[in-house]
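What you see is a predicted model; the values in this text were computed from it and never measured.
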Amino acid sequence: MTTAPLTRPDGSPLRVLAVDDEVNLTELLAMAMRYEGWEVSVAHAGREAVETAKKFRPDAIVLDMMLPDFDGLEVMRRVRLDQPEVPVLFLTARDGVQDRITGLTAGGDDYVTKPFSLEEVVARVRALLRRSGATSREQGSLLVVGDLELDEESHEVRRGGEEIHLTATEFELLRYLMRNPRRVLSKPQILDRVWDYDFGGQANIVELYISYLRKKVDAGRAPMIHTMRGAGYVLKPA
């Protein structure tokens, strides 16, 4: 079964920036993603990546953690000063467990460990592009729970009429909670639905993103996101 190519809402090709100091690897990544019909630009160092992102305006970035001048975290930080919503997939060494957690807690959206298959990277990037709202989509719907509203098409979120700005992953997590109001969702369920795979036992990433959401959705208001000890999380009207 072939899937229709993902495009931007206006029909133009999606743009992905691939950053790794291994030139051969970057070219392989670029080739695999161009096969998807995406426009790809490459960079081999941190400073070059930041400059390229400014001109290229990517919809997603595949970013190696270890670069010759400064690391992937610094690249992400600098790029997001200009493009705060751009999703980032980190490439990390197999034994760099701490790197992965650091990358995600710093705001990265996903990671792949080396060595990896090109198919896996493409699948993860495709999932990020869908989650971020960069792709064309069918007519969305408005999810409403209490005074909280989430527009699946425009990716706007409001509580009590006040706009709330979320990252792509925060948005997807909130959407899952709002599609299942008053239903207790376990960490494995959330990992499977929001991250599309088992996080290798790192279920604490769910706790982390729930805490991010609470700071934005519940801050200074009656709480809507509740922890059911030993069971999971539930969202219900305040």
Between His226 and Val184, does the side chain to side chain contact (heavy atoms under 4.5 Å, CB included) criterion hold? Intermediate values first, please. CA-CA 9 Å; His226 303 273; Val184 178; over 6 Å; no
Can you list the steps and then say if Glu36 with Val122 is a side chain to side chain contact (heavy atoms under 4.5 Å, CB included)? CA-CA 8 Å; Glu36 294 291 309; Val122 168; 3.5 Å; yes
Steps toward side chain to side chain contact (heavy atoms under 4.5 Å, CB included) verdict (Lys216, His165): CA-CA 8 Å; Lys216 295 183 177 183; His165 298 281; 5.6 Å; no
Working for side chain to side chain donor-acceptor pair (under 3.5 Å), residues Arg80 and Thr167: CA-CA 11 Å; Arg80 282 192 172 161; Thr167 66; over 6 Å; no
For Val88 and Phe90, run side chain to side chain contact (heavy atoms under 4.5 Å, CB included): C-alpha distance rounded to whole Å, both residues' side-chain angles, the deciding distance at 0.1 Å, then the answer. CA-CA 6 Å; Val88 173; Phe90 277 119; 4.1 Å; yes
Could you go through the salt bridge (Lys or Arg N to Asp or Glu O under 4.0 Å) check for Glu119 and Arg124 one step at a time? CA-CA 9 Å; Glu119 291 84 2; Arg124 297 281 181 84; over 6 Å; no
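Residues Leu148 and Leu174 have side chains in contact (heavy-atom distance under 4.5 Å, counting atoms from C-beta outward). The side-chain heavy atoms of Met76 and Glu74, taken from C-beta on, include no pair separated by under 4.5 Å. Counting heavy atoms from C-beta outward, Tyr35 and Leu118 have side chains that stay 4.5 Å or more apart. Residues Thr52 and Leu17 have side chains in contact (heavy-atom distance under 4.5 Å, counting atoms from C-beta outward). Counting heavy atoms from C-beta outward, Leu191 and Pro188 have side chains that stay 4.5 Å or more apart. Here the side chains of Trp38 and Val125 are in contact, with some heavy-atom distance below 4.5 Å.
Salt bridge Glu172/Arg193: present, at least one basic N to carboxylate O contact under 4.0 Å. A salt bridge between Asp64 and Lys114 is present, with a side-chain N of the basic residue lying under 4.0 Å from a carboxylate O of the acidic one. Note on Arg158 versus Glu156: salt bridge recorded, some NZ/NE/NH1/NH2 to OD/OE distance being below 4.0 Å. Ion pairing of Glu207 with Lys187 is present here, as a side-chain N (NZ or NE/NH1/NH2) and a carboxylate O approach within less than 4.0 Å. By the 4.0 Å N-to-carboxylate-O rule, Glu149 lies too far from Arg159 to be salt-bridged with it. Using a 4.0 Å cut-off between a side-chain N of Lys or Arg and a carboxylate O of Asp or Glu, Glu51 and Lys55 do not qualify as a salt bridge. We find that Asp82 and Arg57 are joined by a salt bridge, their nearest charged nitrogen and carboxylate oxygen being less than 4.0 Å apart.
Atom NZ of Lys236 is separated from atom CG of Leu177 by 13.0 Å, given to the nearest 0.5 angstrom. Going from atom CD of Gln83 over to atom CZ of Phe56 covers 10.0 Å, rounded to the nearest 0.5 Å. Taken to the nearest 0.5 Å, the CG atom of Asp59 stands 5.0 Å off from the CG atom of Leu14. The CE atom of Met66 lies 7.5 Å from the CG atom of Asp71; values are rounded to the nearest 0.5 Å. Rounding to the nearest 0.5 Å gives a distance of 7.0 Å between CG of Leu91 and CG of Leu25. Taken to the nearest 0.5 Å, the CG atom of Leu166 stands 13.0 Å off from the OH atom of Tyr212.
Of the N and O atoms on the side chains of Thr26 and Asp20, not one donor lies less than 3.5 Å from an acceptor on the other residue. In the model, Ser186 has a side-chain atom that pairs as donor or acceptor with a side-chain atom of Gln189 under 3.5 Å.
Judged by the 6.0 Å distance and 45° axis criteria, Arg47 is not positioned over the aromatic ring of Phe70. Remark: Arg183 fails to qualify as a cation-pi partner of Tyr233 under the 6.0 Å distance and 45° angle criteria applied to the six-membered ring.
When all heavy atoms of Asp109 and Ala168 are compared, the pair lying nearest together is OD1-CB, 4.1 Å. Nearest heavy-atom pair across Val145 and Pro181 is CG2-CB, 4.0 Å. Contact between Leu235 and Met178 at its shortest, heavy atoms only, is CD2-CG, 4.1 Å. Here the closest non-hydrogen pair linking Glu48 and Val42 is OE2-O, 4.0 Å. For the pair Ala45 and Pro68, the tightest heavy-atom approach, listed with the atom from each and the gap, is CB-CG, 4.0 Å. Residue Asn180 comes nearest to Tyr176 through the heavy atom pair ND2-O, 2.9 Å, listed as atom of the first residue, atom of the second, then distance.
Residues Val194 and Ile225 are members of one and the same hydrophobic cluster, defined by side-chain heavy-atom contacts under 4.5 angstrom among Ile, Leu, Val, Met, Phe, Trp and Tyr. Both Val16 and Val112 are part of a single hydrophobic cluster, where members link through side-chain heavy atoms under 4.5 Å apart. Linking ILVMFWY residues whenever their side-chain heavy atoms come closer than 4.5 Å, directly or via other members, places Leu208 and Phe171 in the same cluster.
Other residues, nucleotides and ligands contribute at most 12 non-hydrogen atoms within 6.0 Å of the CD atom of Glu162.
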